[in-house]
Amino acid sequence: MAQADRAAAPADGAVGRGADASGGGAGLRRGRGWSLGRDDRGRSGWRRGWILALLAVLTAALLAFHSEVPNSVGNLGSLLETFLPWAGLAVPVLLLLALWRRSASALVALLLPTVVWLNLFGGLLTDKGSGKGDFTVLTHNVAAANGDVSGTVKLLNDSGAQIVALQELAGKPLRSYESGLAGTYPFHVVQNTVGLWSKFPISEVAVVDIRMGWTRAFRAQVTTPQGPVAVYVAHLPSVRVKSEGGFTAERRDVSAQALGDAVQAEPLKKVLLLGDLNGTMNDRSLAPVTSQMRSAQGAAGDGFGFSWPASLPMARIDQILSKGGLKPTDSWVLGADGSDHRAVAAAYRYQ
């Protein structure tokens with residue numbers, strides 16, 4: 001009986017070797033994990049994911065040559081430039097797909113849009129503030145449909161700004177702003193739907209014709225303790241994205257040219273422009289203004305400083321710009337209130 005059992009049973013060594021060989025092989029196959037090695041079809045990591053690599057190169061080209069995208073068809077160039085920083089989101093999406101495909105070619109190609117994006121916007125990711133300035137300015141599109149005017153008044157009074165520009169003023173809310181801000185800002189002027197409040201005297205107010213048919217921009221002289229400053233308050237025409245017309249910005253572009261001409265002709269050396277320009281610093285159509293002025297956010301801010309829409313800011317269309325002997329030392333975005341825009345502020349030092 002013992003002999004039969006021994007004859008029927010396989011040798012212990014054979015069992016061990018067989019199990020090790022089978023299990024070990026499967027273990028090796030399962031343990032290979034993620035790698036750029038060959039796939040089941042024998043393709044190396046360099047031969048996989050060519051479409052992803054092409055998309056990465058196209059993203060880099062779009063970022064690097066955004067100014068070449070024409071405005072002749074639906075103002076596509078300006079639309080792209082309005083949201084240009086967000087084009088960088090293609091990089092992490094393509095990165096995940098490249099890792100899933102285990103594509104070496106796509107991973108290398110993704111270096112291109114990464115470098116281009118950092119070259120364009122990397123400087124905005126650091127805090128460039130240089131301390132307290134001599135005075136602070138603020139601009140805010142308070143929204144005609146603001147459902148919390150008293151909250152906006154409190155935000156403005158608590159802001160610490162010496163000069164405040166407001167847009168979309170009308171009717172009963174305007175009277176609330178005038179009465180609510182009077183204690184903090186003894187000087188103010190309102191021209192149609194745009195206004196200026198100041199702790200310093202305001203004089204020499206003049207409407208700026210931005211080719212709209214009604215007043216949405218003016219120029220005033222604010223006499224600060226360090227001398228006069230020309231302050232322009234503007235609300236350029238709104239832009240729309242329409243299926244039949246694309247990015248309709250023609251009226252805004254005409255107004256930007258007129259505003260740029262007025263700023264260029266300004267006789268004072270120290271100039272501020274505060275307002276809702278309905279466009280970003282990247283938008284080529286605002287070049288008549290932005291080419292001759294410096295953005296406070298770009299020079300002294302921390303991050304992109306997006307101001308619109310207030311619930312989930314995706315673009316900075318509310319601008320504080322300067323030229324002449326004014327150095328921005330800080331720039332920031334205030335918290336949400338009853339408007340669909342966020343207020344933006346900046347500190348300046350005289351040079």
Side-chain angles (χ1 to χ4, degrees), residues 66-84 86 139-146 165-171 173-174 190-196 205-220 231-266 271-293 295 306-310 313-321 339-344:
H66 60 87
S67 61
E68 302 302 320
V69 178
N71 261 344
S72 56
V73 180
N75 284 303
L76 287 177
S78 286
L79 178 60
L80 169 64
E81 289 164 340
T82 298
F83 300 102
L84 191 61
W86 294 98
T139 184
H140 192 17
N141 181 328
V142 295
N146 191 322
L166 303 181
Q167 303 87 49
E168 290 201 17
L169 298 167
L174 170 57
V190 174
Q191 296 289 317
N192 199 10
T193 60
V194 288
L196 182 66
V205 178
V207 169
V208 176
D209 182 8
I210 56 173
R211 310 290 191 266
M212 290 189 65
W214 68 93
T215 300
R216 286 222 320 207
F218 68 87
R219 178 262 189 202
V231 179
Y232 286 77
V233 181
H235 184 191
L236 297 188
S238 299
V239 296
R240 298 286 186 271
V241 180
K242 299 180 179 179
S243 58
E244 69 277 9
F247 190 58
T248 57
E250 289 82 2
R251 293 178 62 198
R252 190 232 22 212
D253 299 348
V254 170
S255 292
Q257 182 64 60
L259 180 60
D261 292 342
V263 171
Q264 188 171 29
E266 171 59 47
V271 185
L272 285 170
L273 170 59
L274 314 173
D276 176 3
L277 302 189
N278 271 306
T280 68
M281 294 297 292
N282 295 314
D283 190 338
R284 74 194 72 171
S285 296
L286 294 187
V289 174
T290 57
S291 63
Q292 58 177 315
M293 307 192 80
S295 164
F306 294 148
S307 63
W308 176 89
M314 297 183 66
R316 185 182 178 90
I317 62 176
D318 302 277
Q319 306 292 351
I320 297 177
L321 309 178
S339 173
D340 58 341
H341 291 242
R342 299 282 186 102
V344 298

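Model, not experiment: these values are computed from the prediction.
At least one side-chain heavy atom of Ser238 sits less than 4.5 Å from a side-chain heavy atom of Asn278. You'll find the side chain of Glu168 stays beyond 4.5 Å of the side chain of Asn146, heavy atoms only.
For the pair Gln292 (side chain) and Pro288 (backbone), a donor-acceptor distance under 3.5 Å is present. Counting only distance, with no hydrogens or angles, the side chain of Asn71 and the backbone of Gly77 share a donor-acceptor pair below 3.5 Å. With hydrogens and angles ignored, the 3.5 Å screen pairs a side-chain donor or acceptor of Ser255 with a backbone N or O of Ile210. At least one donor-acceptor pair under 3.5 Å links the side chain of Arg216 to the backbone N or O of Leu236.
Tested against Leu321 for a side chain to side chain contact (heavy atoms under 4.5 Å, CB included), the candidates Val263, Leu272, Leu277 yield a single pass: Leu277.
Taking both residues in full, the closest heavy atoms of Gln319 and Gly279 are given as NE2-O, 3.2 Å, listed atom of the first, atom of the second, then distance. The shortest non-hydrogen separation linking Pro313 to Trp86 is O-CZ2, 4.2 Å.
A donor and an acceptor atom, one from each side chain of Ser307 and Asp318, are located under 3.5 Å apart.
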Derivation of the side chain to side chain contact (heavy atoms under 4.5 Å, CB included) call for Thr139 and Asp276: CA-CA 8 Å; Thr139 184; Asp276 176 3; over 6 Å; no
Please determine whether side chain to side chain contact (heavy atoms under 4.5 Å, CB included) holds for the pair Gln167 and Val233, giving the CA-CA distance in whole Å, both sets of side-chain angles, and the decisive distance to 0.1 Å. CA-CA 8 Å; Gln167 303 87 49; Val233 181; 4.2 Å; yes
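Take Ser339 and apply the side-chain hydrogen bond (donor to acceptor under 3.5 Å, both in side chains) test, not counting sequence neighbours, and it matches no residue. Taking Glu81 as the reference, His66, Arg284 meet the side-chain hydrogen bond (donor to acceptor under 3.5 Å, both in side chains) condition, with sequence neighbours excluded.
Pairs engaging residues 257-266 under the salt bridge (charged side-chain N to carboxylate O under 4.0 Å, His left out) rule: Arg219-Glu266 [sequence neighbours left out].
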